[in-house]
Peer 1: 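Okay, here's the structure, questions in a sec.
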Amino acid sequence: MSSRRTTRSRQSSSSRITDEQINDLVSKLQALLPEAGIRSNNSMPAARVLQDTCNHIRSLHQEVDDLSERLSELLATTDTTSAQAAIIRSLLM
Amino acid sequence: MSAFHFLRALSQINKTTPKSSLLLRSRRIRHAAYASMAYTAGRSRLWSRALLRRLQRRSRLRYFSSQRTRAVIAPRRLKAVRPRSGEPSRAEALRRLVPGGAGMDYCSLLDETAHYIQCLSSQVQLMQKVVGSISS
């Protein structure tokens with residue numbers, strides 16, 4: 001028990017700097033969340049930010065899946081030249 | 001930059017995949033999406049290196065077995081993600097979602113996650129634009 005306490009006090013000076021870094025990184029993640037503008041600028045607890053971040057990543061993965069399927073359908077039904085023209089258009093815009 | 005890679009891959013996929021194989025084309029498009037994302041991020045990021053490794057493994061396997069064409073961008077055989085002390089419990093879940101997350105320290109995990117989300121969002125926006133262009 002006492003050894004754990006001394007380890008913690010030894011680490012506290014170095015971990016104080018790291019805690020600040022971690023808080024900065026967590027708030028950076030919070031700013032990336034889709035509801036960042038809707039919520040108040042108060043910082044959410046880290047656990048909440050991580051939870052929302054996980055949900056956000058999962059929904060982005062799902063969107064990539066859905067868009068891949070949609071693209072696959074579209075490429076099957078559109079003829080090549082008009083599809084290519086549309087693709088180049090989207091690249092230039 | 002990622003637009004160029006992705007669109008080139010799309011054009012290639014469109015040429016080489018028969019019109020009827022919707023599922024195969026969809027999987028190849030998804031593979032191209034993650035590949036162009038990781039390639040654009042380059043080797044400067046832990047998540048992009050891990051993702052490139054994972055994709056290269058998958059595409060090698062595809063040549064040998066048609067059973068493995070089930071898109072496994074989300075890997076099935078993961079390096080075990082164990083709970084680490086001093087982290088919120090959700091960090092575990094995050095490690096599984098971010099490529100290469102299992103091997104990162106907590107600080108790097110948070111940093112890599114932010115970049116990964118930004119790149120994912122850009123990729124989604126690009127794909128939405130392409131869909132919008134083709135379907136109009």
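We use all heavy atoms of the structure for the numbers below, so side chains are in, but hydrogens, waters and symmetry mates are not. Residue numbers start from 1 in every chain, and the chains themselves are labelled A, B, ... in the order their sequence lines are given, proteins ahead of strands. What you see is a predicted model; the values in this text were computed from it and never measured.
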Peer 1: Does any heavy atom of chain A fall under 4.5 Å from the side chain of B:Ala91, the backbone, both, or neither of them?
Peer 2: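 It is both, since atoms from each part get that close.
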Peer 1: Compare all side-chain heavy atoms of A:His56 with those of B:Leu120 and state whether any distance is below 4.5 angstrom.
Peer 2: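 A side-chain contact is absent here, since even the closest heavy-atom pair is not under 4.5 Å.
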Peer 1: Let me know if A:Leu29 has heavy atoms under 4.5 Å from chain B in its side chain, its backbone, both or neither.
Peer 2: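 Looking at A:Leu29, just its side chain touches chain B.
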Peer 1: For residues A:Ala76 and B:Leu22, report the shortest heavy-atom separation together with the two atoms involved.
Peer 2: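 Closest heavy-atom pair between A:Ala76 and B:Leu22: CB-CD1, 4.1 Å.
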Peer 1: Could you tell me which non-hydrogen atom of A:Leu74 sits nearest to which non-hydrogen atom of B:Ser135, and how far apart they are?
Peer 2: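 Reported closest heavy-atom pair: CD2-CB, 4.0 Å.
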Peer 1: For each of A:Val49, A:Thr77, A:Leu50, A:Thr53, tally heavy-atom pairs with chain B at distances under 4.5 Å, and name the one with the top tally.
Peer 2: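 So the answer, after comparing A:Val49, A:Thr77, A:Leu50, A:Thr53, is A:Leu50.
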Peer 1: Taking 4.5 Å as the heavy-atom cut-off, does anything in residues 104-114 of chain B contact chain A, and if so which residues?
Peer 2: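 Under the 4.5 Å heavy-atom cut-off, B:Tyr106, B:Cys107, B:Leu110, B:Asp111, B:Thr113, B:Ala114 qualify.
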Peer 1: Between A:His61, A:Glu73, A:Glu63, A:Glu69, which residue shows the highest count of heavy-atom pairs closer than 4.5 Å to chain B?
Peer 2: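 Top count of heavy-atom pairs under 4.5 Å with chain B: A:His61.
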Peer 1: Using the side-chain contact (heavy atoms from CB on, under 4.5 Å) rule, pick out the option among B:Ile13, B:Leu10, B:Asn14 that qualifies with A:Leu71.
Peer 2: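 Passing option: B:Leu10.
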Peer 1: How many angstroms lie between atom CZ of B:Arg27 and atom CG of A:Asp65, to the nearest 0.5 angstrom?
Peer 2: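 Here the rounded value is 11.0 Å.
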Peer 1: What's the spacing between B:Gln128 CD and A:Asp66 CG if we round to 0.5 Å?
Peer 2: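 B:Gln128 atom CD to A:Asp66 atom CG measures 10.5 Å (nearest 0.5 Å).
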Peer 1: Can you give me the closest heavy-atom contact between B:Ser121 and A:Leu60, atom names plus distance?
Peer 2: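 Taking B:Ser121 first and A:Leu60 second, the nearest heavy atoms are OG-CD1, 3.9 Å.
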Peer 1: Is chain A contacted by the side chain of B:Gln118, its backbone, both, or neither, given a heavy-atom distance below 4.5 Å?
Peer 2: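 For B:Gln118, side-chain heavy atoms alone lie under 4.5 Å from chain A.
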Peer 1: Heavy-atom distances under 4.5 Å only: say whether B:Ala93 touches chain A with side chain, backbone, both or neither.
Peer 2: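 Interface part for B:Ala93: both.
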Peer 1: Kindly compute the distance separating CZ (A:Arg70) from OG (B:Ser26), expressed to the nearest 0.5 Å.
Peer 2: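 The distance works out to 12.5 Å.
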Peer 1: Are any non-hydrogen side-chain atoms of A:Ser68 and B:Met127 less than 4.5 angstrom apart?
Peer 2: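 With C-beta onward as the side chain, the pair touches.
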Peer 1: Please report the closest heavy-atom contact between A:Leu75 and B:Lys19, naming both atoms and the distance.
Peer 2: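 Residues A:Leu75 and B:Lys19, closest heavy atoms: O-NZ, 3.2 Å.
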